[in-house]
Amino acid sequence: MRVWWSLGLLRSELVTVFRRWRTLALFGVLAGVPLLVGIAVRIETRNGGTVGGGPRGDNGPAFLEQVSNNGLFLTFASLAATLPFFLPMAIGVVAGDSVAGEAGGGTLRYLLVAPAGRTRLLVVKYASVLAFCVVATLVVALSGLIVGFALFPVGEVTTLSGTTIPLSAGMLRALLIALLVAGSLVGIAALGLFVSTVTDSGIAAMATTVGLLITVQIVDTIPQLHVVQPYLFPHYWLSFADILRDPVQWTGIAKNLGLQALYAAVFGSAAWARFTTRDVTA
Amino acid sequence: MAQPQAAAPGESATTVGAPRTAAEARAAVTEAAEQGGVAGDTGDVVIETRRLAKQYRGTLAVDGLDLRVPRGSVFGFLGPNGSGKTTTIRMLMGLIQPTSGSARVLGRPMPNAARSVLPRVGALIEGPALYGFLSGRHNLLRFDAADPTADPRTRKARVGAALERVGLAAAADKKARAYSLGMKQRLGLAAALLQPRELLVLDEPTNGLDPQGMREIRALVRELAADGTTVFLSSHLLDEIEQVCTHAAVMARGRLIAQGTVAELSAGSRGRLGVTTPDVAEAARLLAARGLTGLVTEEQKVIGELPAEPPDLAELNAELVGAGVRVRGFGLERTSLEDTFVALTGEGFDVAG
Ligand SMILES: Nc1ncnc2c1ncn2[C@@H]1O[C@H](COP(=O)(O)OP(=O)(O)OP(=O)(O)O)[C@@H](O)[C@H]1O
Ligand SMILES: [Mg+2]
């Protein structure tokens, strides 16, 4: 009974996060990406041409080339396009604002005297940010799926290894990829939560988190800094493409998830240490 | 007993009746407190602090605070801006860690026992804070959900009742962003009243309210007190404290400079007798002979402090009349809390740095 009662705060938090206009606007932007990509590909391939015929960047699999042959690839292409910045920025906004926004608005003190309990509140906040990660990723994936199916032919899926698998298996892998992408955001979610416990300004926390993301993404592309790169949270993000190999290669994926877990543990503990001892004066 | 000074000639009439120096007022009040004005039994103390202190980065906001709030009292917490009232309340509610000293609320140490203490405490701290994008009702539902001891089955009903109680039922479904200051204040109060509470801590509860709203809040406070809730409220409005509070404490520059019952605080411990008459010299001589001290003589009036064992006032009056003093007015003067407050905290308008 008591456990059920404590879930009230989580429910309230989820409702509060997902009812906000800001959240809906972020979802709108995320859902718009596959639509834009789909339309662009459609226009470019109208006369039977292909997309991405030029030299391929080394930081992403060429899903785009396949979109016009198989609409399902729009889902993969959209996830690959939003994972480096759009998705983590959205997470940065929500995670950065999670505690700092309440502190800035003064509602944090009323939650604490309710009493929400500092640990419980922090856990609930992190849980709601993770829920946002999953939903945001699913928004991109579903939008990609719908637009892809609407604009392009759909059929058997050619894997990156050149083999073909049935559409149903391809759909299953798409779902797996969406979950992996959501899982890739666990690290930045914890980082944002920590930043959020340090300041009383939601805007400052969001800006700091997004700034950190951009910095880390830049560092990850500078060859001279390769020593630190394996420890950067986005380093293995694009490993999700390995799901589309036949057979699936798990090493990169495991490294990615391990790194995310490490970030979650480190920054989760830091956030807890900070939040449970800090003075709440705002 | 502090020896009152002789009446200073030419003393301004506006301060007559008030203790003339801060030191004198403090002496009188401290004495009153020691005489048992504040409950001495620990079981009856709802808030108790020992040498409580808080230092923000640079400033010492609260210093060596020994506060005792008796159960069942309506306790006024007074002090000029920046004197440390809100800081004290934050420590009592476990929002900030004291630099030194300890605090007990409802008999348990804070902030360690916050989980068991706070569900029994309703609080309004430094004004209301709301989610602008939620309606008033949803704000309350959220704050109630944050309390793990609150029963979700009765949540809706309790939220409705709290809204009703502060007169917000009609505006309950408006977004809180669109609330006026007074409406926000009322919603904050409603949040403090979501459950039956043993203690209500209200930091400037009537801030921003219209006169009607202030009256309602005062009535509400009296009603809650009648139900046995202890109410601890900070305010700048001395009238308000005088009207609703049974006890009060005065802070200045982070230190507690007086606490006791409102009656003791506003009168010192002694009564003051005022005699209105054209024959002031003769009246003053007679009053002094009957043990009155600290006599202040004005053009048409003599005021003095009654001795510890006051003479029968009817006899005193008869004696004055018998001696040919034309008595036009005779009675005990009520010193206002404001006079005491100013005497204790100083007249200056500037906030202490
Ligand atoms: N978060 C803070 N950081 C640093 N100093 C602070 C902080 N909050 C308050 N102070 C300082 O502590 C002192 C006491 O402030 P506090 O808010 O407790 O006063 P108060 O009695 O509530 O005043 P008011 O009547 O204006 O509400 C002031 O000198 C103030 O400058
Ligand atoms: Mg204050």
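Predicted model, so just to flag it, every value in this text is computed and none were measured. Naming convention: chains lettered A, B, ... in sequence-line order (proteins, then strands); numbering from 1 in each chain.
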>> Does B:M214 have more than 12 heavy atoms from other residues, nucleotides or ligands lying within 6.0 Å of its CE?
In response: yes

> Does any heavy atom of chain A fall under 4.5 Å from the side chain of B:L130, the backbone, both, or neither of them?
Replying inline: backbone

>> Strictly less than 4.5 Å between heavy atoms, which residues of residues 92-109 of chain A line up against chain B? Please order them by number.
In response: A:E102, A:G105, A:G106, A:T107, A:R109

> Checking A:Q217 side chain against A:F85 main chain: does a donor-acceptor pair fall under 3.5 Å?
Replying inline: no

> Between the main-chain N or O of A:L145 and the side-chain N or O of A:T75, is there a donor-acceptor pair closer than 3.5 Å?
Replying inline: yes

>> More than 12 heavy atoms of other residues, nucleotides or ligands under 6.0 Å from OH of A:Y231: yes or no?
In response: no

> Is it the backbone or the side chain of B:L141 that comes under 4.5 Å from a heavy atom of chain A, or both, or neither?
Replying inline: neither

>> Among A:A116, A:A114, A:G117, which residue has the highest count of heavy-atom pairs closer than 4.5 Å to chain B?
In response: A:A114

>> Between B:E216 and B:R165 (salt bridge meaning N to carboxylate O under 4.0 Å), is one present in this structure?
In response: no

> What distance separates B:L163 CG from B:N139 CG, expressed to the nearest 0.5 Å?
Replying inline: 10.0 Å

>> Can you classify the ring geometry of B:Y131 versus B:F133 as parallel (below 30°), tilted (30 to 60°) or perpendicular (above 60°)?
In response: perpendicular

> Between the side chains of B:D203 and B:S234, is a donor N or O closer than 3.5 angstrom to an acceptor N or O?
Replying inline: yes

> Does any N or O in the side chain of B:R51 come within less than 3.5 Å of the main-chain N or O of B:D66, such that one atom is a donor and the other an acceptor?
Replying inline: no

> With no hydrogens and no angle check, do the side chains of A:S12 and B:R142 hold a donor and an acceptor under 3.5 Å apart?
Replying inline: yes

> What residue among A:I91, A:L87, A:V210 forms side chain to side chain contact (heavy atoms under 4.5 Å, CB included) with A:I188?
Replying inline: A:I91

>> Treating B:T154 as the side-chain partner and B:A157 as the backbone partner, does any N or O pair qualify as donor plus acceptor under 3.5 Å?
In response: no

> Under 6.0 Å from the CG atom of B:L181, do we count more than 12 heavy atoms belonging to anything else shown?
Replying inline: yes

>> Can you see whether B:D147 engages B:T149 through a side-chain donor-acceptor pair at a distance of less than 3.5 angstrom?
In response: yes

> Is a donor on one side and an acceptor on the other found under 3.5 Å between the side chain of A:Q260 and the backbone of A:G187?
Replying inline: yes

> Salt bridge or not for B:D151 and B:R158, using N-O below 4.0 Å?
Replying inline: no

>> Checking an interface table here. Which of residues 85-93 of chain B come within a heavy-atom distance under 4.5 Å of chain A?
In response: B:R90, B:M93

> Are there residues of residues 101-120 of chain B that reach to under 4.5 Å of chain A by heavy atoms, and which ones?
Replying inline: B:A114, B:R115, B:L118, B:P119

> So what's closer than 4.5 Å to chain A heavy atoms on B:Q195: side chain, backbone, both or neither?
Replying inline: neither

> Side chain, backbone, both or neither: which part of A:T16 has a non-hydrogen atom closer than 4.5 Å to chain B?
Replying inline: both

>> Only heavy atoms, only distances under 4.5 angstrom. Which residues in residues 18-34 of chain A are near chain B?
In response: A:R19, A:R20

> Hey, is the main chain of B:H138 close enough, under 3.5 Å, to the side chain of B:S135 for a donor-acceptor pair?
Replying inline: yes

> With distance as the sole test, does B:T59 use its side chain to make a donor-acceptor pair with the main-chain N or O of B:A61 at under 3.5 Å?
Replying inline: no

> Crowded around A:F149 CZ? As in, over 12 foreign heavy atoms under 6.0 Å?
Replying inline: yes

